[in-house]
Structures are given as C-alpha cells and as structure tokens.
Amino acid sequence: EQRSPTTYYVRKGPSAGHAYHSCGMLFPRESSSREIKELNGLWNFRADHSLNRNLGFEQAWYKSRLAESGPVIDMPVPASYNDITQDPRLRDFIGWVWYEREVLVPSGWVSEGTRVVLRVGSAHYYSVVWVNGIKVMEHEGGHLPFEAEIVEVLRNNPGGACRITIAVNNTLTLQTLPPGTIQHIDDPTRYPADYVVQNTNFDFFNYAGLHRPVMLYTTPKAYVDDITVLTTFADNIGLLSYQVSVLGSPNPTVTVTLSDKGGRCVASSTGPSGVLKVTDANLWWPYLMHENPGYLYSMGVSWAGSVYEDVYALPVGIRTVQVTNTQFLLNNKPFYFHGVNKHEDADIRGKGLDWPLMVKDFNLLKWLGANSFRTSHYPYAEEIMQMADRHGIVVIDECPGVGIKDIRSFGNASLSHHLAVMDELVRRDKNHASVVMWSVANEPAAEMPPAGFYFKTLMAHTKSLDPTRPVTFITDSNFARDKGAPYVDVICVNSYFSWYHDPGHLEVIPFQLNTQFENWYGKYQKPIIQSEYGADVVPGLHTDPPMMFTEEYQKMVLQNYHDVFDRKRKEYVIGELIWNFADFMTAQTVTRVVGNKKGIFSRQRHPKAGAFLLRERYWRLANETGLLPVGAKYP
Ligand code: GCB
C-alpha cells in the first residue's frame with residue numbers, strides 16, 4: 001500500500017478495480033431466499049490530513065477500530081462529506097478519507113450454503129474496502145455499484161462481528177472518469193507550503209464520499225447472478241427473450257414466470273434462456289404518451305437444486321426503441337423528448353441519495369409535464385432509475401465521461417477505462433425500460449485528432465454490449481470538425497446562444513439556432529436533440545427589458561429557443577432538454593454565484609418564472625405529440 005511522496009494524492013491505476021466483468025450486478029432484492037441489511041445511518045469518519053495523505057495506510061487504520069488510531073466524527077451515509085461540517089478543509093478536501101461501521105451479522109448468515117455480499121451503491125471515486133481488517137475489494141470510479149463476497153471473512157470471526165472499513169479517495173487524474181489533474185504549486189512567495197489543488201473541466205462541485213446505500217445481502221451459495229431481458233412485440237403479443245446466469249451450480253433448473261400488475265401469472269418458461277409470450281400485452285409507455293404509463297411486469301426467476309433454491313423478481317417493461325433519419329420511435333410511435341437535465345445535488349447531503357428529494361423531484365417532473373431526463377453527467381442512483389421505470393419517465397443514461405478536454409485523456413489507458421465503465425453501466429442498467437439511449441460522454445474535445453478512433457471504439461463497444469439501444473454522446477463542437485458525430489445514432493447538441501456567445505443579445509437566437517440545426521442535419525441526416533440550453537437566474541431578480549440573470553431573461557431565452565424548436569420538430573428535431581432542472585453547486589469561479597443558477601427550480605426546488613413557462617409548453621407538447629385524448633389537461 002506504500003505510495004511514493006511524488007504521487008501521494010494519486011491512487012493506483014484505473015484497471016485495479018475491474019475484476020468483476022463476468023458477473024452480474026443485480027439490484028439487491030429481498031425474497032424467500034435472500035435477506036438484506038442496510039447499513040445506512042451514522043458511520044465513523046476521519047479524513048487523513050497527513051501531508052502525503054498516506055498515514056492511514058502506513059498505520060493500517062483498517063486493522064483495528066478507527067477510533068483507536070485517532071479522533072473520529074459522525075458521518076451520515078449516504079451523503080457527501082463535504083457540506084456536513086463547518087470545516088472548509090473538509091469541504092475542499094483532496095485525498096483519502098476513512099469510513100467505518102460495525103455491524104452484527106445473524107448467525108444463519110454464516111452457515112454453510114449462504115453467500116454474504118457487501119455492496120456499495122457508489123463511492124467517489126476510488127475505494128478500498130476491508131472487513132475485520134482484511135481487504136475484500138478495490139474499485140475505481142464513482143456513480144456505479146461494486147460488491148464482494150465476504151462470508152469467508154465473517155466465518156473467521158465467530159460472534160457475528162463485522163467491522164467494515166472503507167477508504168475513499170476523491171482525486172481525479174487524466175485517466176479517470178471524469179478526468180482531472182492534481183497540481184502541486186511550489187511557490188513560497190505566492191502560496192502556502194505544500195499547496196495542492198484538484199483541477200477539473202466540469203461544472204459541478206466535486207462532491208465525495210459514500211453517496212449511495214451500503215448494504216449486506218445474502219443469496220444461497222448457488223444463485224441467480226444475472227438476468228438479461230430483451231423485449232419486442234407483434235400485434236398484441238409481447239415477446240420477452242431472457243437469459244439467466246446461475247453461478248455455483250453446474251446444471252441449474254431455471255424457472256421463469258411473468259406476472260402482471262395484479263400478480264396474475266401471464267407466461268412462464270423453463271431453462272436458462274428462452275422467450276416468454278404474453279397475449280394482450282400491456283406495453284411500457286412514457287408518461288403523458290398513454291393513459292397507463294410505466295406498465296411493469298414482474299419477472300420471477302428461480303432455480304432449485306436438491307439443496308438450495310434461489311428466487312429473484314425483476315421488474316420488466318415491454319417496449320421497443322428505434323431511430324430513423326428524422327424520428328425517435330417508441331413502440332413504433334414517434335416520441336418527442338420534452339424534459340430536463342438533472343444533477344444529483346442538494347443542500348447538505350450533496351450527491352447523497354435522499355428519498356424525500358427523489359420523490360419531490362419526480363413530483364416536480366410530473367407537474368412540469370416532463371416526459372424525460374438525461375442523467376447529466378453520470379449514472380444516477382438505481383433507486384432513481386426504478387422510479388423512472390415505474391412512472392414512465394424516459395431516460396438518456398449518461399456515463400461519467402464529462403470534461404474530457406485534455407489530449408492525454410484520449411490515450412489507451414483512458415479508453416480502456418472508459419470501455420470498462422460502459423461495461424459496468426450497461427450491466428447495471430440494461431433491464432430498465434426507462435433507459436432508451438446510452439450517452440458515452442458530455443462535451444468532450446471531439447475536434448481533437450484522437451477523438452475519432454476513441455469514439456468509434458467506444459460506441460462500437462457500447463453497441464456490442466447492448467444492440468437494442470441507440471448510442472450517442474453530447475457535443476458542443478463545430479459540426480464540420482466533430483470527429484465523434486459520425487458514430488452516433490442521434491445528434492445531441494448543447495448551445496447557449498445569447499449567454500456564453502453574444503451575451504445579452506436575445507435577437508441572435510432565432511438565427512444561430514436555426515443555423516445550428518441546419519448545419520448538423522445537413523451534414524448527417526440524423527435526428528437531433530437539443531440536449532442543453534438555458535440561462536442563469538438569481539431567483540427574485542427582475543428587469544424589463546430583460547437583462548442577464550433575471551427571471552425575465554431566462555424566460556426570453558426559453559421562448560426564443562422554443563419558437564425554433566416548434567418549426568424544426570416538424571422536420572427532424574426530436575427533443576429538447578432544459579439546462580437545468582434545478583440550481584446546483586459548482587466549484588467557485590467568477591461566473592458562478594454560489595453555484596450554477598440555470599435551474600428552472602432553485603436548489604430548494606422552488607419554481608422560477610421559467611418553470612411556469614416550461615410547464616405550459618410541456619403540457620401543450622404532450623397534447624400534440626402524445627397519444628392521450630386531445631385536450632388532456634394539467635393534473
Ligand atoms: C454545459 C455543460 C454543463 C454546464 C452548462 C453551463 O455545456 O454541459 O455541465 O453546467 O453548460 O451552465 O455552463
């Protein structure tokens with residue numbers, strides 16, 4: 001574990017954490033054969049403030065209780081640690097922090113025939129995990145889950161004691177996703193001694209810590225490891241082809257049943273792969289496109305041997321996705337994205353999963369009449385994806401490929417890590433009906449020479465992982481020079497006319513936006529989504545005529561964009577996603593006022609004037625483009 005002083009903020013290479021490719025990553029669910037113990041709540045915590053951030057490893061803090069090696073504070077999980085205390089050194093901390101939690105495991109869990117798995121929903125960004133002082137896993141990258149079997153370790157420690165220690169390092173390098181650089185500044189005339197900063201190229205605060213639930217769960221020793229479901233339909237027959245992988249048993253007898261919402265079994269099959277046929281299938285439809293959106297069946301997968309049996313229930317929706325030159329088809333009907341970009345971001349908890357916030361946000365989406373969102377700029381919590389499935393909110397699922405601006409981040413090490421992250425993302429989210437497209441990056445330097453090979457490889461790889469969904473990345477490059485665009489299925493463009501370009505000049509929008517669309521469509525003949533547009537508002541600022549940062553100005557930007565969208569959506573524009581759903585925290589810069597204020601809701605989720613404008617529009621669009629009876633009204 002020794003780290004040399006010159007690399008002291010930097011952890012091992014990205015490849016270290018990817019030992020789990022061949023396995024599944026099913027969301028833990030209780031069943032007659034599986035139990036769960038959530039480890040949310042208070043953990044012990046200490047940031048390693050030593051000069052090289054390496055004291056925790058040198059003194060092996062994982063070997064005994066964290067409180068024995070130094071002072072600890074309470075730290076809630078899930079949450080970012082940054083905003084929990086009043087200490088600016090913790091808010092802006094760079095390096096290793098240590099979490100610890102002790103838990104008692106029921107004796108039945110350590111019996112023969114049971115697997116106990118420790119699962120971390122996400123940790124930013126590099127983690128090392130010990131149980132009772134024994135290292136059980138390492139993982140590179142935030143936003144995605146990782147897990148390890150720990151039953152052997154528990155068996156060595158009678159009495160059920162289980163001390164979990166997790167060291168988390170938030171540093172970003174040119175090879176991580178997102179990328180970043182650690183800069184050491186050695187200038188005693190201008191900076192304090194040992195001065196280190198983390199530089200990034202993305203516009204959100206670099207929150208860190210254990211952001212999602214940590215849990216222990218059990219399965220039988222032979223268990224359902226992964227399920228893949230592909231769906232289609234013909235007339236009124238729904239077809240689900242499934243593949244189940246069972247580990248730990250040579251010849252498992254797999255039984256699969258499909259139950260409708262009322263719990264009635266509508267199809268069944270045996271064998272590790274097969275096709276389920278459902279007559280009079282209820283398709284999965286987006287919110288506001290159908291009277292009964294987000295219809296989910298429950299796919300019960302079980303296998304039984306002479307000794308063990310395992311049962312797992314996976315929610316599945318039946319739907320198809322297809323892209324033409326001018327349209328995005330869901331269940332063979334044109335779908336128009338009227339939605340938002342979001343962040344996992346809120347006061348105090350930062351990027352930590354928060355149930356009240358999550359439900360509030362879905363209620364706001366529905367109030368707004370939004371039928372979709374993009375997981376800008378990283379995969380969101382699985383709990384959020386499940387909500388999207390159930391409420392019929394369509395998702396463009398983005399990986400953490402944000403801020404790829406340095407040419408050194410297009411090298412082999414970066415690419416192979418990026419491919420591995422797509423493996424993890426597709427493995428986690430492949431069965432979500434709400435996910436209709438993968439986004440492999442946001443605003444990379446796509447005009448640089450190596451970008452062509454990089455994105456060609458990345459998108460081909462993603463398609464090989466999932467041949468059923470279109471793939472894209474979000475661009476802000478020049479249409480003629482963008483080297484990734486040839487490989488996308490849908491062009492997704494961000495632009496901020498009258499904001500970053502021609503600030504204050506609303507009158508340029510109709511011209512520049514029209515030209516943007518004509519250029520991209522003219523070159524590629526692919527459908528286009530306006531994947532970001534917007535303007536900052538400090539809530540409560542008003543002027544007439546509208547000036548930048550006022551509520552009136554944001555409304556005028558939106559209105560001007562909408563006029564062009566309304567013309568172009570008759571041709572090839574297939575969606576509009578506002579930047580942003582809510583205000584969010586960023587690094588401190590001269591262009592940010594305690595964070596990015598482009599939300600149509602404040603960070604506390606109060607609407608600005610733009611929210612009401614968008615609400616009228618989205619409901620009107622739903623009436624025009626959905627399949628609801630004409631005249632369907634606000635809720
Ligand atoms: C963008 C980025 C987004 C920023 C936004 C802005 O193009 O994709 O991350 O927050 O612009 O407000 O500048």
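Quick caveat, the model's predicted, so the values are computed rather than measured. For ligands, and for the atoms within them, numbers begin at 1 and follow the listed sequence.
Put simply, the residue from Tyr380, Trp367, Phe601 that forms a ring-ring contact (aromatic ring centres under 6.0 Å, His included) with Phe581 is Phe601. With Glu576 as the fixed residue, the salt bridge (Lys or Arg N to Asp or Glu O under 4.0 Å) test singles out one of Arg617, Lys568, Arg569: Arg617. The ring-ring contact (aromatic ring centres under 6.0 Å, His included) test with Tyr378 is passed by exactly one of Phe202, Tyr125, Phe204: Phe204.
The residues lining ligand 1, counting any heavy atom closer than 4.0 Å, are Asp203, His377, Asn442, Glu443, Asn494, Tyr496, Tyr500, Glu532, Trp579, Phe584, Arg592, Asn596, Lys598.
Residue pairs meeting the salt bridge (Lys or Arg N to Asp or Glu O under 4.0 Å) criterion with at least one member in residues 535-546, sequence neighbours excluded: Asp536-Lys598. Counting only residues at least two apart or in different chains, side-chain hydrogen bond (donor to acceptor under 3.5 Å, both in side chains) contacts with residues 393-405 comprise Arg374-Glu398, His377-Glu398, Glu398-Ser439.
Remark: Gln604 pairs with Asp347, Ser602, His606 by the side-chain contact (heavy atoms from CB on, under 4.5 Å) rule, at least two apart or across chains.
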